[in-house]
Amino acid sequence: MAQLELGLDTFGDVTFGDDGAPLPYDEVIRNIVDQAVLADELGLAFFGVGEHHREDFAVTAPEVVLAAIAARTTNIHLGTAVTVLSSDDPIRVYERFATLDALSNGRAEVILGRGSFTESFPLFGFDLGQYEELFSEKLDLFAALREEGPITWSGNLRPPLDGQEVFPKTAAGSLTTWIGVGGSPESVIRAARYGIPLMLAIIGGPPAQFKPYADLYRQALEQLGKPQLPIGVHSPGHVADSDEQALDELWPHYEVQRTRIGRERGWPPATREEFEASAGPEGALYVGSPRTVADKIVRNARILGMDRFDLKFSNGTLPHDKLMRSIELYGREVVPLVHAALESSS
């Protein structure tokens, strides 16, 4: 297979400063730009910035942050992780990312999804009772926009379009797009039907359990008469000089975030035992030394046949200096180890 691309994702988590207190939002956002600049210098393939509308995340307008990153980087592809299409306007999303594509000289990507949080629905006046219908219809319109020609389209939730055009056009003639999926067969088949690459968000459980979704996607593409398209994986993790250091650095920040979100969703409190199991060979967390993280990426790349792996390196209040060190180790050590292992077995 083609060389596995390795990238990074951040949700713009509000991080702790040296005094153990949360940093202000403006500083967190500027730190994200510095993190992306380092990722570009290290030759990483992708840097994704998530969209959230809650107090523990600093980024509500990822395209603006990505535009600032575009001005300070040269090669790295830039996108979202994810854009919550259900509570946005597909035309405005396309316009914003086509503009980012121009600013970055063709490096823009958008990952479309429903998101794992729902705060944007009441914030922007959308009915959670239409959760599925909103995403389905807006994705249908977005897929039509990717043709970059006159749009004639109709749905149930917005006025129809009759031969209208959307600007600016991208230099390539279409915007690089992925559909983010958390584990729904219907979503996998929908991505195949639109001919859009698949990004699997694997944030819990054994990554191997997602193999049926990867297989289903490839089978659906074949049955629909479409060419095979990339499959990516997004998973959280943290890299440090040793396994013990990585676990000890991440755990207190992971515990607070996991317990807070769990309280909102009715989950039991996080435990160190659960955390270490998730960081083990069969779990969804990529936490450890460069060798440990690389081995896990290689193992799951072989199982899933993935074309790109994006490490969600921001995890709760883990400080900026620890994030920068994690990025450095990922780029300098993990990536070469992964590529060497995959090339030796190809």
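Everything numeric in this text was worked out from a predicted model, so none of it was measured.
A salt bridge does not link K169 to D101: none of the charged nitrogens lies less than 4.0 Å from a carboxylate oxygen. Between E282 and R299 a salt bridge is recorded (basic side-chain N to carboxylate O distance below 4.0 Å). Salt bridge absent: D34 and R30 never bring a charged side-chain N and a carboxylate O closer than 4.0 Å. By the 4.0 Å N-to-carboxylate-O rule, R258 lies close enough to E274 to be salt-bridged with it. A salt bridge does not link K138 with D89: none of the charged nitrogens is closer than 4.0 Å to a carboxylate oxygen. The pair D241-R325 counts as a salt bridge, with a side-chain nitrogen and a carboxylate oxygen less than 4.0 angstrom apart. A salt bridge between R308 and D310 is present, with a side-chain N of the basic residue lying under 4.0 Å from a carboxylate O of the acidic one. Under 4.0 Å is where a charged nitrogen must lie from a carboxylate oxygen, and between R332 and E41 no such pair does. Of the charged side-chain nitrogens involved, none lies within less than 4.0 Å of a carboxylate oxygen, so that E222 and R218 do not count as a salt-bridged pair.
Put simply, OH on Y217 and CZ on R190 are 13.5 Å apart, with the number rounded to the nearest 0.5 Å. In this structure, the separation between CG on L6 and CG on L311 is 9.0 Å, given to the nearest 0.5 Å. With values rounded to the nearest 0.5 angstrom, I76 atom CD1 is found 8.5 Å from R107 atom CZ. Separating the CG atom in L318 from the CD atom in Q257 is a distance of 10.0 Å, to the nearest 0.5 Å.
Classification of the H253-F16 ring pair by plane angle, with boundaries at 30° and 60°, yields perpendicular.
The ring-ring contact (aromatic ring centres under 6.0 Å, His included) pairs that include a residue from residues 79-101 are Y94-F142, where partners are two or more places apart or lie in different chains.
E51 has its side chain out of reach of V82: every pair of non-hydrogen atoms, C-beta onward, lies at least 4.5 Å apart.
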Less than 3.5 Å apart, which donor and acceptor atoms pair up between the side chains of residues 118-125 and the rest of the protein, not counting sequence neighbours?
unit_1 : atom_1 : unit_2 : atom_2 : d
E119   : OE2    : R54    : NH1    : 2.8
S120   : OG     : S87    : OG     : 2.7

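A donor-acceptor contact shorter than 3.5 Å links the side chain of Y25 to the backbone of E55. Proximity of a side-chain donor or acceptor of D307 to a complementary backbone N or O of G232 within less than 3.5 Å is not detected.
When the shell of 6.0 Å around CG of D26 is examined, it contains more than 12 heavy atoms from other residues, nucleotides or ligands.
The aromatic ring centroids of Y131 and F126 lie 6.0 Å or more from each other. Between H52 and F11, a ring centre-to-centre spacing shorter than 6.0 Å is recorded.
Looking at every heavy atom in both residues, G163 comes nearest to P150 through O-CB, 3.8 Å.
Clustering ILVMFWY residues whenever any of their side-chain heavy atoms sit less than 4.5 angstrom apart, transitively, puts L85 in a cluster other than the one holding F57. Cluster membership check: V293 shares its hydrophobic cluster with V338, using side-chain heavy-atom separations under 4.5 Å among Ile, Leu, Val, Met, Phe, Trp and Tyr.
Evaluation of the ring-ring contact (aromatic ring centres under 6.0 Å, His included) rule for Y330 yields no partner, not counting sequence neighbours.
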